[in-house]
A.B. asks: 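Please read through the structure below; I'll follow up with questions.
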Amino acid sequence: MKNLIVAKFGGTSVANFEAMSRCADIVLADSNIRVVCVSAQSGVTNRLVSLTRAEITLAERETTLTEIREIEYAIVEALGKPEWVCLALDNLLNELKTVANSENLVNSMQLKDQIQSYGEQMSSLLFAEVMRQRGAHAVNFDIRQVLKTDNNYGKAEPNVEQTRLQAEKLIAPELEKTVFITQGFIGSDDEGHTTTLGRGGSDYSAALIAEALDAETLQIWTDVTGIYTTDPRLTQAARPIPEISFDEAAEMATFGAKILHPATLIPAIRRGVGVFVGSSREPKAGGTWILNQVENKPPYRAIALRKDQVLVTLKSPSMLLASGFLAKVFTILAEHKISVDLVTTSEISVSLTIDNPTNSTSKGLNPLVLEKLAEFCDVKVEDNLSLVAVIGNHLQANSGVGGKLLSALENFNLRMICQGASAHNFCFLTKTEDAGKVVEHLHAQLFDAI
Ligand code: ASP
Ligand code: MG
């Protein structure tokens with residue numbers, strides 16, 4: 001379909017009946033929106049995840065299942081309790097209960113994904129009914145028939161080819177007359193088992209569907225009016241960005257701006273699908289367009305902040321004039337699936353940052369890795385650090401840009417600076433306790449004068 005729009009509504013956008021009705025207004029106002037991808041009602045996925053914990057008690061399980069049921073039933077009540085919707089919802093809730101009580105759950109990644117999928121399944125069921133009651137020809141479509149993935153449960157990788165084939169077969173022919181209401185976050189593997197794309201994955205799902213259908217636009221409706229120059233909680237001076245390039249937005253997503261799931265832009269970039277981010281509460285307030293080509297390419301576009309960074313410094317006098325040291329280090333990290341964000345090197349040392357996974361001990365690095373590294377170099381691990389990334393254009397080539405940034409930061413202690421690998425970012429580490437102040441100050445220096 002020409003001018004096809006795929007719209008995704010996040011958990012707060014579909015949190016309850018009123019919120020869902022605002023989403024329905026948005027869909028009904030634009031006849032090009034033919035595919036709608038919904039998240040679970042806000043708070044539901046967290047509850048589903050808690051059902052998969054080994055230490056959950058029977059009583060806690062009962063309470064959690066009741067809370068989920070209440071969130072869903074409040075919406076069904078507002079819909080006037082249509083009999084068949086109640087039946088379909090009860091079916092899902094009963095299935096959920098069965099899986100939640102299954103003894104195999106704690107050890108089965110597959111069942112954990114199955115459990116997490118019910119939030120989105122219930123959400124699309126109810127949103128399709130909201131749409132139908134508003135007169136739309138809407139179907140609740142099971143995206144697991146289309147979004148095919150590998151079986152890496154918990155963080156499955158999509159199979160783009162198969163997804164396209166299935167979308168062409170099952171969705172494309174009906175688009176002219178039907179609005180497809182479907183689930184974000186979930187898919188299925190070759191054996192038909194339910195998979196999930198990882199927390200926050202609905203954005204990514206919607207992008208994959210947009211790609212598979214050659215949509216013109218992907219709309220991500222959330223609870224903020226687009227992407228801001230920095231997190232508005234850090235400084236009141238933050239302001240919305242009307243337009244940003246794919247490259248800049250990808251850097252922002254990677255460097256901590258929590259607006260989009262970091263993988264969302266990959267399919268959009270592959271097919272040149274324009275992405276719009278806006279608030280379903282205030283659809284008229286505008287938002288941010290993320291496009292392949294943008295008119296305005298300012299040197300400074302935004303500042304992103306990512307907390308909980310671990311800095312690992314490896315020092316080896318034998319590295320002097322030796323080859324293979326870095327390869328050795330990175331092989332060990334790769335073997336343990338540790339992804340490195342920033343790297344700086346000197347003749348005999350290398351510093352790298354990694355994300356500190358929440359709740360991890362040993363400052364984010366597994367002791368085995370530390371041991372292996374310590375076999376051939378001195379290892380120093382520091383935490384309580386935050387990564388600040390200035391995103392913009394030509395940051396490596398513009399004369400004076402680095403100098404301006406450094407002089408804006410002269411009163412702060414910077415732990416590591418990375419510039420030059422990308423034209424779109426300038427990153428540094430600072431103590432987490434200073435990070436908020438650093439961002440506020442830098443924002444004032446770089447943006448307030450403009
Ligand atoms: N419901 C899932 C989550 O909370 C996916 C999403 O909302 O994007 O992680
Ligand atoms: Mg989200």
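When a residue number appears, it is its place in the shown sequence, counting from 1. Whatever order the structure lists them in is the order used to number ligands and atoms, beginning at 1.
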A.B. asks: Does the N or O separation between Gly200 and ligand 1 drop below 3.5 Å for any pair?
C.D. replies: yes
A.B. asks: So, do Asp189 and Asp150 sit near enough that their side-chain heavy atoms are less than 4.5 Å apart?
C.D. replies: no
A.B. asks: Measure across Ser339 and Ile354 and return the closest heavy-atom pair with its distance rounded to 0.1 Å.
C.D. replies: O-CG2, 3.4 Å
A.B. asks: Using 30° and 60° as the class limits, which term best fits the ring planes of Tyr300 and Phe447: parallel, tilted or perpendicular?
C.D. replies: perpendicular
A.B. asks: At the 4.0 Å heavy-atom cut-off, does Gly201 count as touching ligand 1?
C.D. replies: yes
A.B. asks: For ligand 1, which atoms have a heavy atom of Ser39 less than 4.0 angstrom away?
C.D. replies: 6 (C), 7 (O), 8 (O)
A.B. asks: Answer yes or no: does atom CD of Glu55 have more than 12 heavy-atom neighbours from other residues, nucleotides or ligands under 6.0 Å?
C.D. replies: yes
A.B. asks: Parallel, tilted or perpendicular, judged at 30° and 60°: which one describes the rings of Phe9 and Trp221?
C.D. replies: parallel
A.B. asks: Less than 4.0 Å is my threshold; does some heavy atom of Gly119 fall inside it relative to ligand 1?
C.D. replies: no
A.B. asks: Grab the two heavy atoms, one from Met1 and one from Asn32, that are nearest each other, plus how far apart they are.
C.D. replies: CE-OD1, 3.9 Å
A.B. asks: Specify side chain, backbone, both or neither for Glu120, according to which of its non-hydrogen atoms lie closer than 4.0 Å to ligand 1.
C.D. replies: side chain
A.B. asks: Arg199 heavy atoms, cut-off 4.0 Å: which ligand 1 atoms fall inside?
C.D. replies: 3 (C), 4 (O), 9 (O)
A.B. asks: Can you name the atoms of ligand 1, numbered from 1 with element, that are less than 4.0 Å from a heavy atom of Ser202?
C.D. replies: 5 (C), 6 (C), 7 (O), 8 (O)
